[in-house]
Amino acid sequence: MTKKKIGTIGDILMYALLLAQMLYIFIGNNVHEILGIAFFVCLTGHIILKGWWFKTLFKKEKTSLRRFFDAITCLLMLTIIVLMLSSMGVSRFIFPNVRFMGSAALHRYLATAVLTLGVLHGGLHFIMRAKKPARAWIIVIALCAAAFSIGIFAVPYLNRHFRSVDIVRSEKLNGDRVNWSGTKPMVVYFTRLGNTDFEPDVDAVSGASLLTSDGGLTGSNELLADMAGSILSCEPVAITLTGKKYPSSYNATIAVAGDELRAQARPAIEQVDVTGTDSIILIYPLWWGSIPMPVATFLEQNDFTGKTIYLIASQGSSGYGRTVSEVESLCPGASVIPGTSIYCEDIPDARPVLYDLIKKWNSGQ
Ligand SMILES: Cc1cc2nc3c(=O)[nH]c(=O)nc-3n(C[C@H](O)[C@H](O)[C@H](O)COP(=O)(O)O)c2cc1C
């Protein structure tokens with residue numbers, strides 16, 4: 001086989017590996033990590049085969065297209081190096097003890113950048129050789145847009161709808177505590193789990209909010225609340241519907257939540273008494289970029305004048321959405337302090353983040 005053929009097969013393999021890794025939730029963590037190593041092996045081969053490119057990098061007489069290609073290639077290499085570092089940070093199988101850059105959200109953004117720049121890098125090769133460059137540009141731009149959309153939209157969508165994670169609950173709750181000075185904040189949370197009419201066959205249930213924990217089910221925000229509770233040594237309080245619960249199907253819940261949001265419904269909940277505290281840590285999932293309507297009920301049912309509301313959101317890609325201003329307008333007399341918005345994949349390992357936050361809040365920062 002010629003060097004060129006080996007190079008082409010290697011290149012196709014690298015794109016296939018990157019794409020397969022994007023389907024993380026179907027292949028599972030360990031396969032994802034092994035494929036990651038395979039990608040970096042192929043990349044090393046690619047760099048060795050294309051080593052001549054480095055020698056041409058500082059040549060002066062180049063077309064502007066070639067200069068653009070070189071700039072994209074340099075940017076791609078830089079992004080791959082940062083991706084490599086973040087891969088180790090999020091690794092639980094091959095590098096379980098490396099803990100820097102351990103954000104799944106950051107890892108996904110970097111992987112999206114590498115896939116998009118990788119497609120552009122290969123596409124520019126294609127354009128430089130194309131007989132009809134205009135048509136080649138259209139194809140390459142379309143492929144880059146597709147690569148970008150996979151990382152930014154498709155992966156979070158799959159995560160939200162199909163991901164379920166096994167955790168050992170006691171391990172996730174174990175760690176340092178904060179000795180809060182003054183009256184401890186009350187930890188109040190809302191989660192889909194506990195407010196859903198699950199079918200008896202729990203395996204039939206899909207949706208990112210379900211973390212399979214020691215054989216049971218845990219809502220993502222319930223886990224976050226328990227982490228905050230374990231840091232503050234207090235018992236979190238759930239916002240619980242008293243009327244009709246959400247349907248077992250994830251998609252049906254999304255539809256119901258959308259209807260509730262449009263109608264600005266206020267579903268009935270069990271009374272949560274906040275009179276005995278002057279601060280609340282409110283933990284909630286983003287629903288349609290908004291607070292779930294039962295959380296709005298909780299905020300309207302209580303008087304938060306003079307109190308501090310610390311916000312911890314969880315989400316499948318949208319940060320805080322509109323939730324900070326929503327809480328502010330529902331609780332005009334309160335001081336609303338956003339803490340963090342946690343990407344759903346980062347929830348199982350969020351305790352150190354919450355610890356740092358609560359420590360900071362306790363010191364008055
Ligand atoms: C009805 C519904 C709507 C959602 N809307 C959004 C959204 O607009 N943006 C987002 O990033 N995530 C969205 N998500 C994902 C959840 O915020 C995320 O999976 C959260 O961690 C689930 O928490 P839970 O298990 O405690 O319910 C939505 C989930 C549901 C069920």
Side-chain angles (χ1 to χ4, degrees), residues 24-25 103-105 108-109 151-167 169 172 187-198 202 205-213 216-229 236-241 244-265 267 269 281-296 298 311-326 338-350 353-354:
Y24 172 78
I25 61 153
S103 155
R108 179 171 60 83
Y109 287 128
I152 295 296
F153 304 116
V155 171
Y157 178 87
L158 292 172
N159 266 328
R160 270 187 232 166
H161 284 72
F162 302 110
R163 188 182 64 100
S164 81
V165 180
D166 275 306
I167 56 154
R169 198 183 166 80
K172 300 296 174 191
V187 177
V188 181
Y189 71 96
F190 177 80
T191 182
R192 177 176 163 241
L193 196 90
N195 286 301
T196 296
D197 261 335
F198 283 117
V202 150
V205 178
S206 68
S209 53
L210 305 171
L211 296 159
T212 323
S213 150
L217 286 173
T218 307
S220 303
N221 289 271
E222 182 186 353
L223 183 64
L224 287 174
D226 285 347
M227 285 172 181
V237 180
I239 296 173
T240 310
L241 294 171
K244 200 165 183 283
K245 298 198 173 200
Y246 292 102
S248 169
S249 147
Y250 190 72
N251 280 332
T253 302
I254 286 179
V256 172
D259 291 343
E260 283 183 354
L261 179 64
R262 275 185 293 279
Q264 279 299 302
I269 60 165
I281 298 180
L282 180 61
I283 304 179
Y284 56 92
L286 232 67
W287 278 15
W288 290 99
S290 172
I291 48 171
M293 290 301 101
V295 175
F298 162 69
L311 300 183
I312 295 174
S314 80
Q315 36 84 19
S317 67
S318 327
Y320 277 110
R322 302 176 295 279
T323 62
V324 177
S325 56
E326 284 172 344
T340 183
S341 171
I342 303 176
Y343 180 50
C344 51
E345 265 193 68
D346 287 324
I347 289 170
D349 297 308
V353 177
L354 299 194

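All ligand and atom numbering here is 1-based and tracks the order in the structure. If you're wondering where the values come from, they're calculated on a predicted model, not measured in any experiment.
In this structure, the side chains of Ile254 and His161 come closer than 4.5 Å at one or more pairs of heavy atoms. Proximity of Ser248 to Asp197: side-chain heavy atoms (C-beta onward) are nowhere separated by under 4.5 Å. Under the 4.5 Å side-chain criterion, counting only non-hydrogen atoms from C-beta, Tyr246 is in contact with Pro294.
Using modelled atom types and a 3.5 Å distance limit, the side chains of Tyr343 and Arg108 yield a donor-acceptor pair.
For a threshold of 3.5 Å applied to N or O pairs, the pair formed by Leu286 and ligand 1 contains at least one separation below that value.
Those atoms of ligand 1 with a heavy atom of Ala257 less than 4.0 angstrom away are 1 (C). Using a 4.0 Å cut-off to heavy atoms of Gly289, the atoms of ligand 1 that qualify are 7 (C), 8 (O). Heavy-atom proximity to Ser318, at under 4.0 Å, picks out these atoms of ligand 1: 7 (C), 9 (N), 10 (C), 11 (O).
Here the shortest heavy-atom pairing between Pro267 and Leu241 reads CB-CD2, 3.6 Å. What you find for Ile347 and Ser314 is that their closest heavy atoms are CD1-CB, 3.7 Å.
Summarising the geometry, atom CG belonging to Leu261 is positioned 11.0 Å from atom CH2 belonging to Trp287; distances are rounded to the nearest 0.5 Å.
The closest heavy-atom contact to atom 5 (N) of ligand 1, among the options Tyr343, Tyr320, Trp288, comes from Trp288. By heavy-atom distance, the residue among Gly319, Cys344, Ser314, Gly258 lying nearest atom 20 (C) of ligand 1 is Ser314.
The shell of residues lying under 4.0 angstrom from ligand 1, judged by heavy atoms, excludes Leu193.
By the criterion of a heavy-atom distance under 4.0 Å, the side chain of Ile347, and not its backbone, is placed next to ligand 1. Counting heavy atoms under 4.0 Å from ligand 1, residue Gln315 touches it through both backbone and side chain.
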